[in-house]
Amino acid sequence: MAGTVKTEAVVLRSIRFGEADRILHLYTQQRGRVNAIAKGSRKPRSRFGGRLEPFFRLDLLLYEGRGDLLTVTGASTVSGYRDLRASGPAITAAARACDAVLRLLDSAEANRAAYNLLCRYLELLDRDSRPGSGEGEGAAGPHAASHAAGLAFRLKLALAAGFVPELASCARCGEAEGITAFSGAAGGVVCAACEGGGFPLSVAAHEFMVAALGRSLAELPAADEPALRQVERAIGDVLGYHAHVQLRAAA
Ligand SMILES: [Zn+2]
C-alpha cells in the first residue's frame, strides 16, 4: 500500500502535535476520511504556510506508509475561503458542518456527493460573507450561516451518507395521506395510525425537508423557527437511531 496519494481535501480539524507538527483530520475527494501528519508545519518558515487550518480546501500530496496516519508531503490552496474566515457566524456554521462530516462520515472511502456538498456549503458561506453581499440582492433565500441552511446541509449530508429520512409516505405502513408525526425509529414521517414513539411534525417542517432535499443549497425555502426546530429533531433522531451518531446543536 505504500506510496503517494494525490487528492483534494478539506481540513476538518487541525491539531497541534509534538514540538512543531500538526495532525490534520481531512475529508478527501479520493479517500473519504483520513488523518495525516504535517511534520514541521508549525515552524516559522514552514513550506506549508498558514494553509493547514480548518476549512481550507487543498490539493494534497500524501505519503502512505504502513500506519493509519498519512504524511503530508505537499499542499497547495484550492480555496482559502477568506471572506468566510472574517465572519463569526460563517465560521461557526463551517465548524458545525465540518463536525457533522467528522461524526457521520468516518470511513476511508470516497464519497463524492459528500465531498462536493461540503465544498459547496463552504463556498456559499464564503460568498454570503463577502462585503456587499447584503440581503435582498443576488440569490434569494436564507443566509448560508442561518439555521435553515445549516439544517439543509445536514439533510443533504444524511442523504450522501445513506441515512436520509423517508418523507414521501408513512415509514411504517406506506400510507401517503395523513402524515402527522416523525419517528426516528421508523426512519421518517409516520401517519396518525403509526404515530407511537414519534413526535408531532408540522406541515411546514415536513415541507421544508422535502424542499431542502429537492433543491440546491442556494435555493432554500423559508421556514419559521418552530418548524426548523422540528426539522433538527427529526434529523437528529434518524441519525441517532440508524447511524448511531449524535450531532451537535445546529443553532
Ligand atoms: Zn402509517
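The model shown is predicted, which means the values in this text are computed figures rather than measured ones. Counting starts at 1 for both ligands and their atoms, in listed order. By convention here, the first residue in the shown sequence is residue 1.
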State whether E109 and R31 are salt-bridged, where the test is any N-O pair (Lys NZ or Arg NE/NH1/NH2 against Asp/Glu carboxylate O) under 4.0 Å.
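Looking at E109 and R31, the cut-off is not met.
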
Whether D83 and R130 form a salt bridge (side-chain N of Lys/Arg under 4.0 Å from carboxylate O of Asp/Glu) is what I want to check.
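Result for this pair is yes, salt bridge flagged.
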
Mind checking whether L62 and T71 have side chains closer than 4.5 Å, heavy atoms only?
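They are not in side-chain contact.
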
Provide the protein N, O or S atoms situated under 2.8 Å from the Zn ion (ligand 1); waters are not included.
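Near the Zn ion (ligand 1), the protein supplies C170 SG, C173 SG, C191 SG, C194 SG.
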
Can you list everything that forms a ring pair (Phe, Tyr, Trp, His ring centres under 6.0 Å) with Y27? Sequence neighbours excluded, please.
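Result, ring pair (Phe, Tyr, Trp, His ring centres under 6.0 Å) vs Y27: none returned.
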
Apply the test side chain to side chain donor-acceptor pair (under 3.5 Å) to residues H206 and Q230: give CA-CA distance (whole Å), side-chain angles for both, the deciding distance (0.1 Å), then the verdict.
CA-CA 9 Å; H206 188 185; Q230 290 185 358; over 6 Å; no

In one Ile/Leu/Val/Met/Phe/Trp/Tyr side-chain cluster, 4.5 Å: V10, L58:
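Hydrophobic grouping puts V10 apart from L58.
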
